[in-house]
Amino acid sequence: MRLSRYFLPILRETPKEAEIVSHRLMLRAGMIRQETAGIYAWLPLGHRVLTKICNIIREEQNRAGAVELLMPTIQPAELWRESGRYDDYGKEMLRIEDRHERDMLYGPTNEEMITEIFRGSVRSYKDLPLNLYHIQWKFRDEVRPRFGVMRSREFLMKDAYSFDLDAEGARHSYNQMFAAYLRTFARMGLKAIPMRADTGPIGGNLSHEFIILATTGESEVYCHKDFLGYEAPPQDVAFDDRAVMQGLFDHWTGRYAATSEMHDEAAWAAVPEAERVTARGIEVGHIFYFGTKYSDPMKAVVNGPDGKEVAVQMGSYGIGPSRLAAAIIEASHDESGIIWPDAVAPFHVGLANLKAGDVATDAACADLYAKLGKAGLDVLYDDRDERPGAKFATLDLIGLPWQVIVGPKGLAEGKIELKNRRSGERESLSPDEVVNKLTAR
RNA sequence: CGGGGCAUAGCGCAGUCCGGUAGCGCAUCUGCUUUGGGAGCAGAGGGUCGCAGGUUCAAAUCCUGCUGCCCCGACCA
């Protein structure tokens with residue numbers, strides 16, 4: 001992409017409403033724009049990141065056996081009256097009336113709807129287990145939205161729903177999602193720690209929050225330092241093996257880890273002082289097992305092997321991609337701007353032509369742009385007629401992992417510069433060496 | 001939902017107390033000079049001063065009402 005033909009409205013100054021670093025950087029880097037309180041437009045750079053995050057989530061959900069579909073944002077109130085939550089949910093739910101004066105709502109979550117879809121088509125235990133998910137915009141009318149997309153009213157959510165015949169099967173489904181989440185966050189360059197959680201209005205008795213550590217995190221968390229060394233399960237982990245999944249779950253929940261809401265001073269005191277980690281955390285995922293909370297009232301039943309009807313055992317599993325975009329920045333930035341982990345970077349490489357209009361640098365950049373693109377790398381080519389300083393500042397701000405810097409002086413000696421955004425390390429190389437180095441990765 | 005604050009050009013702000021017809025920096029546009037860490041000079045454009053009433057010869061400024069946004073707290077899968 002040529003920057004001269006892209007839409008990257010970067011801000012030199014920080015809008016005054018932005019308090020936390022991710023919000024400031026997202027606004028300054030031209031990723032998002034607030035349209036009203038807690039509601040944001042995703043501009044091209046932000047949209048690219050969001051898409052990459054969603055694709056990683058999608059790959060890992062699919063790998064774990066979940067199946068994607070897409071449910072609407074607007075739901076009929078009738079479904080929620082069935083489960084009893086229409087009155088329970090309170091003012092957080094955005095209620096709408098259509099032209100026929102029917103009560104509708106903008107979905108804050110989809111348990112009711114997925115249960116309706118399930119019961120409409122599934123009759124036999126032979127169709128189980130089943131795990132359905134979608135990635136869709138949700139709306140919760142927070143009293144006080146804040147921190148940009150970290151706590152917005154409209155937000156993107158991946159929500160998966162598992163259906164099993166019995167509690168053991170549901171437990172396995174839960175463990176599969178648990179493992180998929182560990183892989184998902186690790187792929188985004190995040191250290192996510194599962195912590196036992198309160199089940200809240202979703203209900204049920206087994207629930208974990210996935211918390212990433214960031215100094216600017218919203219809540220205090222306590223965990224054993226062993227977590228920092230744990231490795232996420234490999235790509236080929238046996239998702240269908242119940243024992244393997246349970247072993248993985250046991251390993252990852254064998255040490256103390258809790259958010260302040262669930263903190264247990266007695267258990268914490270039992271952890272040797274040298275092994276305690278107290279830090280700030282951001283919740284990026286939350287999983288629940290809630291049994292028949294919805295399948296009972298909504299009559300989502302299947303015939304078991306014995307011919308008797310039984311309400312299915314359910315669980316739900318959420319990840320907030322829009323919040324993740326901000327959380328990744330909280331966990332990865334410096335004074336100059338964002339530092340994107342490779343997997344979610346909006347572009348892999350920023351190519352800066354320090355003297356646009358110069359025959360030599362123009363030609364060298366055009367050649368590099370073509371070669372890197374042909375090798376499958378996403379390149380943002382800064383071909384604007386701007387001064388070098390402005391280009392460096394822009395590239396640092398938007399945080400692309402690699403910067404390829406082409407200036408007339410270096411080029412006269414056959415050299416260009418390759419800079420790693422994270423380490424700050426710079427190398428002076430020939431254009432071919434740069435292409436080789438970047439494409440060899 | 002309680003408490004506080006703000007609203008003036010795309011962004012950041014001054015001007016409001018003490019009424020006199022709107023300004024600064026950055027950004028934008030034009031020209032020249034510049035070109036390895038947010039350039040210099042010269043010129044230009046851009047504002048129903050959040051909205052609606054009121055007071056006044058005259059309102060960004062004073063009064064009343066409304067709306068929006070932000071912050072603290074409570075709240076928050």
Side-chain angles (χ1 to χ4, degrees), chain A residues 9-20 23-24 27-28 30 33-39 85 88-93 107-111 138 140-148 150-153 155 157-161 195-204 206-211 218-219 259-262 282-290 293 315-320 323 335-337 352-358 360-361 382 384-397 403-413 415-417 419 424 426 428:
Chain A
I10 62 162
L11 303 176
R12 200 158 160 176
E13 291 175 85
T14 302
K16 63 176 176 182
E17 73 268 17
E19 275 289 302
I20 63 169
H23 191 195
R24 287 202 295 263
L27 289 169
R28 286 199 54 214
R33 181 181 175 83
Q34 177 171 315
E35 295 303 332
T36 185
I39 297 181
R85 283 208 294 182
D88 292 351
Y89 220 94
K91 292 194 166 181
E92 292 238 318
M93 180 185 279
T109 177
N110 286 65
E111 277 83 5
K138 304 289 190 292
R140 290 181 194 169
D141 201 359
E142 297 265 359
V143 197
R144 190 184 159 209
R146 61 185 116 174
F147 305 147
M150 187 76 83
R151 185 154 163 212
S152 49
R153 295 197 291 172
F155 58 99
M157 182 158 87
K158 183 287 300 183
D159 39 326
Y161 304 90
M195 301 192 184
R196 205 169 179 82
D198 190 5
T199 51
I202 297 280
L206 180 60
S207 174
H208 285 85
E209 288 181 359
F210 286 75
I211 304 281
E218 58 200 335
S219 55
T259 57
S260 50
E261 299 87 51
M262 299 290 283
I282 300 170
E283 179 192 342
V284 290
H286 202 148
I287 60 178
F288 301 85
Y289 163 59
F290 46 72
K293 180 178 164 79
S316 74
Y317 315 90
I319 294 180
R323 163 178 278 202
E335 321 72 50
S336 304
N353 183 346
L354 294 192
K355 194 172 182 182
D358 179 271
T361 59
D382 190 347
R384 298 171 306 160
D385 182 20
E386 287 288 341
R387 299 181 60 82
K391 298 197 174 194
F392 294 137
T394 298
L395 283 178
D396 284 348
L397 175 63
Q403 299 177 7
V404 175
I405 297 158
V406 181
K409 289 176 190 165
L411 201 56
E413 294 160 21
K415 298 289 187 184
I416 60 177
E417 191 171 289
K419 177 182 163 185
R426 303 153 184 269
S428 189

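In the text below, chain A, chain B and the rest are named by the order of the sequence lines, each starting its count at 1.
- Backbone-only engagement by Thr14(A) is indicated by non-hydrogen atom pairs under 4.0 Å involving sugar-phosphate atoms exclusively.
- Counting non-hydrogen atoms under 4.0 angstrom, Arg426(A) reaches a base of the nucleic acid.
- Among the heavy atoms of the strands, none lies under 4.0 Å from Asp358(A).
- Under the Watson-Crick and G-U wobble criteria, each requiring two contacts below 3.5 Å, nucleotide A58(B) is left unpaired.
- Every residue was checked against the side chain to side chain donor-acceptor pair (under 3.5 Å) condition with Glu92(A), not counting sequence neighbours, and none meets it.
- Distance alone, capped at 3.5 Å, is enough to place a donor-acceptor pair between the Lys391(A) side chain and the Arg384(A) backbone.
- In this structure, Asp385(A) places its CG atom 14 Å from C1' of C32(B), rounding to the nearest Å.
- Distance check on atom C1': C29(B) versus G10(B) gives 14 Å, rounded to whole Å.
- In this structure, CD of Glu417(A) is placed 19 Å from P of U35(B), rounded to the nearest angstrom.
- At the heavy-atom level, Leu354(A) lies under 4.0 Å from base atoms of the strands shown.
- The environment of CZ in Arg196(A) is sparse: at most 12 heavy-atom neighbours from other residues, nucleotides or ligands sit within 6.0 Å.
- Comparing Ala356(A) and Glu209(A) against RNA chain B, the residue whose closest nucleotide sits nearer the 5' end is Ala356(A).
- Base contact: Lys419(A) has a heavy atom under 4.0 Å from a base atom.
- Look at the P atom in both C24(B) and G47(B): the space between them is 15 Å, to the nearest Å.
- Taking atom C1' in both G54(B) and C75(B), the straight-line distance is 40 Å, to the nearest Å.
- The CZ atom of Arg387(A) sits 9 Å away from the P atom of G37(B) (whole-angstrom rounding).
- G31(B) and G68(B): their P atoms are spaced 45 Å apart (whole Å).
- Checking side-chain atoms of Thr361(A) against main-chain N and O of Asn353(A) turns up no donor-acceptor pair under 3.5 Å.
- Taking the C1' atoms as reference points, A22(B) lies 8 Å from A60(B), given to the whole Å.
- In this structure, Arg323(A) contributes its side chain and Glu283(A) its backbone to a donor-acceptor pair below 3.5 Å.
- Rounded to a whole Å, the CD atom of Glu386(A) is 13 Å from the C1' atom of U34(B).
- With sequence neighbours excluded, no residue forms a side chain to side chain donor-acceptor pair (under 3.5 Å) with Arg24(A).
- Between the P atom of A77(B) and the CZ atom of Arg196(A) lies a distance of 17 Å, rounded to the nearest Å.
- Rounded to a whole angstrom, the distance from the C1' atom of U61(B) to that of U21(B) is 12 Å.
- To the nearest whole angstrom, the two P atoms, one in A77(B) and one in C49(B), are 44 Å apart.
- The partner of G37(B) cannot be assigned: no Watson-Crick or G-U wobble pair with both contacts below 3.5 Å exists in any strand.
- Closest heavy-atom contact between Asp141(A) and Lys91(A): CB-O, 3.6 Å.
- Note on Pro9(A): nothing from the nucleic acid sits closer than 4.0 angstrom, heavy atoms only.
- Going from atom NZ of Lys409(A) over to atom P of U34(B) covers 14 Å, rounded to whole Å.
- At whole-Å resolution of the value, CZ in Phe392(A) and P in G37(B) are 7 Å apart.
- In this structure, Arg323(A) reaches neither bases nor backbone, as no heavy-atom distance under 4.0 Å exists between it and the strands shown.
- Between Gln403(A) atom CD and G36(B) atom C1' the separation is 12 Å, expressed in whole Å.
- By the salt bridge (charged side-chain N to carboxylate O under 4.0 Å, His left out) test, Lys415(A) pairs with no residue at all, sequence neighbours left out.
- Taking atom P in both C62(B) and A14(B), the straight-line distance is 15 Å, to the nearest Å.
- The partner of C17(B) cannot be assigned: no Watson-Crick or G-U wobble pair with both contacts below 3.5 Å exists in any strand.
- Searching all strands for a Watson-Crick or G-U wobble partner of G45(B) with both distances below 3.5 Å returns nothing.
- Base pairing analysis places G50(B) opposite C66(B); the two distances defining the Watson-Crick or G-U wobble pair are each below 3.5 Å.
- In terms of the side chain to side chain donor-acceptor pair (under 3.5 Å) criterion, residue partners of Arg151(A) (sequence neighbours excluded) are, by chain and number, Glu142(A).
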- Message: Counting primed atoms plus P, OP1 and OP2 as sugar-phosphate and everything else as base, spell out the protein contacts along nucleotides 69-75 of chain B at 4.0 Å heavy-atom distance: B, S or - for each nucleotide, 5' to 3'.
- Response: SSBBBBB
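- Sequence order on RNA chain B of the closest nucleotides to Tyr317(A) and Ser336(A) puts Ser336(A) first from the 5' end.
- Taking the side chain to side chain contact (heavy atoms under 4.5 Å, CB included) definition, one finds that Glu17(A) meets it with Pro15(A), His23(A), Leu27(A), sequence neighbours left out.
- Here C1(B) sits opposite G73(B) as a Watson-Crick or G-U wobble pair (both hydrogen-bonding atom distances under 3.5 Å).
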